[in-house]
Amino acid sequence: MAVETVFSKIIRREANADILYQDELVTAFRDIHPRAPVHILLVPNQLIPTVNDVEPQHEAALGRLFSVARKLAAEHGIADKGYRLIMNCNAHGGQEVYHIHLHLVGGRALGPMLSR
Ligand code: 5GP
């Protein structure tokens, strides 16, 4: 049984967040602890706890995350220089909130993807 997180409350606008985009499938809002000048979280409106729980019926929402990420990157002026999209899974992946989310991070050179 999936357990709701604060992200479900943000999607329903029951918790505060700086929402930048919302449609019938996905919501995008600024990360509360930004790691870069642009740090936006893109989430499916339906609760999917981790990538391990992804099923074919989720493909429309998960595809939408990328098209909205592309649009928000352009709107925030980081498309040409580049940015990073990250989705963490479970403990070794560093996942803290168990409602899958795509991090859109940019606005500065981000360096190597993984530290040694
Ligand atoms: P994860 O480590 O699960 O991939 O990333 C979770 C992200 O959610 C973190 O970057 C954290 O700062 C962000 N976050 C956690 N709680 C909240 C919240 O209540 N509001 C917003 N806007 N971001 C949150």
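One-based numbering, in listed order, for ligands and for the atoms of each.
- Between Y21 and F29, the gap from one ring centroid to the other reaches at least 6.0 Å.
- For R64 and E24, the salt-bridge test passes: some basic side-chain N is under 4.0 Å from an acidic carboxylate O.
- Between the side chain of R12 and the backbone N or O of I10, no donor-acceptor pair lies under 3.5 Å.
- In this structure, ligand 1 sits under 4.0 Å from heavy atoms belonging to V6, F7, I10, F29, R30, D31, I32, H33, R35, L41, N88, G94, Q95, E96, V97, H101, H103.
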Side-chain atoms of residues 88-97: list all donor-acceptor pairs with protein atoms under 3.5 Å, sequence neighbours left out, distances to 0.1 Å.
from, atom 1, to, atom 2, distance (Å)
Q95, OE1, N90, N, 2.9
Q95, NE2, P49, O, 2.9
Q95, NE2, V97, O, 2.9

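- Listed here is the closest heavy atom pair of L110 and Y83: CD1-C, 4.3 Å.
- When ring centroids are compared, H101 and H99 stay outside the 6.0 Å threshold.
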